[in-house]
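Some notes on the structure that comes next.
Fair warning: this is a prediction, and the values are worked out from it, not measured in the lab. Values below: all heavy atoms of this structure, side chains included; hydrogens, waters and symmetry mates excluded.
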Amino acid sequence: MKQQRYDVVIVGGGAAGLSGALALGRARRSVLVIDAGEPRNAPASHVHNYLGRESTPPGELLAIGRGEAAGYGVEIVEGRVASAEKLPGGGDQGFRVVTEDGRSVEARRLLVTTGLVDELPPVPGLAERWGREVLHCPYCHGHEVSDRPIGVLATGPLAVHQALMWRQWSDDVTLFLHTGPEPTEEEYEQLAARGVAIVDGEVAGLEVADDRFTGVTLASGRVVPREALVVQARFTARSAVLESLGLKPVPQEMGGAVIGSYIPTDPTGATEVPGVWAAGNVTRLTEQVIGAAAAGLMAAGAVNGDLIAEDTRLAVAARRA
């Protein structure tokens, strides 16, 4: 870190963080990005639905973003932030950010873009195939498995919804009831009408041959051939830094089921702690990459506006002194 105090420290260097950094750099702010190097989409081969960057590998997109932000004077360092705290003195004194290796830096404002962790169901083999043939989002991966045999692993009440959704991409979809709730009569009718097969019994593991997922193994020993498996991960916000400032994650519900936790913000990303913003998956669990980038830009605009207001207050006070 080249200096001890910045206008803005951004914790997290993914799409949201780098987008915010780019905007703030262009606004002539001193900006430091501290990134742990653990992007959520690292297991995926390509980013999709990002206009102008369709099918770009995730690492390549981040490298482009780092270069663009650095071109406007943004400093980017590797590190993991352990905590953040308000500086003593009250008012707009700012914050101290401390990394796990003991480095510390001050910031007038904070933008936290630490993302989330996908917590997978406890089935052997899922983690090893995650982002390859074990999938969650049809808009991220559906086209790549079009017309192939797809399985849906039921672990909660959203499984039928998932099966009917993925039916849009393939007419060969099987719902594995596993530990999920029994579908209602209406749901059974919907699944039958769309030609979705249903398999009872718990799933014990995955079949893999030549480093390719080939089927689902049931506890009974039966193997059902599949080429992709859809799961419902739990989305847990990486909120430790925000929690160190007194913010608490809250449950996110969808269809009556809790799908994860997030840090609430207003539409600009402002948190309940003055001077602290959040953007991306840490506050919006279902945001895709392009949405996270847009949220980073929105938050950056709000942060710069807040700094302009403070600069003006300080200038007026100095003029009156």
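- Annotation: side-chain hydrogen bond (donor to acceptor under 3.5 Å, both in side chains) contacts involving residues 193-207, sequence neighbours excluded, comprise Glu207-Thr217.
- Between the side chain of Ser19 and the main chain of Ala16, no donor-acceptor pair closer than 3.5 Å is present.
- Under a cut-off of 6.0 angstrom, the local environment of OH in Tyr72 is sparse, with at most 12 non-hydrogen atoms contributed by other residues, nucleotides or ligands.
- For the pair Leu32 and Lys2, the minimum side-chain heavy-atom distance is 4.5 Å or more.
- Every residue two or more places apart in sequence or in another chain was checked for a side-chain hydrogen bond (donor to acceptor under 3.5 Å, both in side chains) with Thr271, and none qualifies.
- Under a 4.5 Å side-chain heavy-atom cut-off, the cluster of Ile, Leu, Val, Met, Phe, Trp and Tyr residues that includes Leu297 has no other member.
- The shortest side-chain heavy-atom distance between Val208 and Glu128 does not fall under the 4.5 Å cut-off.
- Residues that satisfy the salt bridge (Lys or Arg N to Asp or Glu O under 4.0 Å) test with Arg103, not counting sequence neighbours, are Asp101.
- Other residues, nucleotides and ligands contribute at most 12 non-hydrogen atoms within 6.0 Å of the CD atom of Glu186.
- The salt bridge (charged side-chain N to carboxylate O under 4.0 Å, His left out) pairs that include a residue from residues 68-81 are Glu38-Arg80, Arg80-Glu100, where partners are two or more places apart or lie in different chains.
- Put simply, the side chain of Thr114 gets close to the backbone of Arg238: a donor and an acceptor are under 3.5 Å apart.
- For residues 179-218, no pair satisfies ring pair (Phe, Tyr, Trp, His ring centres under 6.0 Å), with sequence neighbours left out.
- Within the structure, ring pair (Phe, Tyr, Trp, His ring centres under 6.0 Å) pairs that include any residue of residues 226-247 comprise His136-Phe235 (at least two apart or interchain).
- Judged as a salt bridge (charged side-chain N to carboxylate O under 4.0 Å, His left out), the pairs with a partner in residues 107-121 (not counting sequence neighbours) are, in order, Asp7-Arg108, Arg40-Asp118, Arg108-Glu310, Arg108-Asp311, Arg109-Asp306, Arg109-Glu310.
- Between the side chain of His178 and the backbone N or O of Val203, at least one donor-acceptor pair lies under 3.5 Å.
- With sequence neighbours excluded, no residue satisfies salt bridge (Lys or Arg N to Asp or Glu O under 4.0 Å) with Glu189.
- Without hydrogens or angle criteria, Ser244 side chain to Ala84 main chain gives a donor-acceptor distance under 3.5 Å.
- Among residues at least two apart or in separate chains, salt bridge (charged side-chain N to carboxylate O under 4.0 Å, His left out) pairs with a member in residues 147-170 are Arg148-Glu227.
- Checked by atom type, the side-chain pair Asp172/Ser170 shows no donor-acceptor distance below 3.5 Å.
- Within a 6.0 Å sphere centred on CD of Glu54, other residues, nucleotides and ligands contribute more than 12 heavy atoms.
- Sorted by first and then second residue, the salt bridge (charged side-chain N to carboxylate O under 4.0 Å, His left out) pairs involving residues 132-144 (not counting sequence neighbours) are Arg129-Glu133, Arg132-Asp211, Glu133-Arg212.
- Considering only residues two or more places apart in sequence or on other chains, Glu60 meets the salt bridge (Lys or Arg N to Asp or Glu O under 4.0 Å) condition with none of them.
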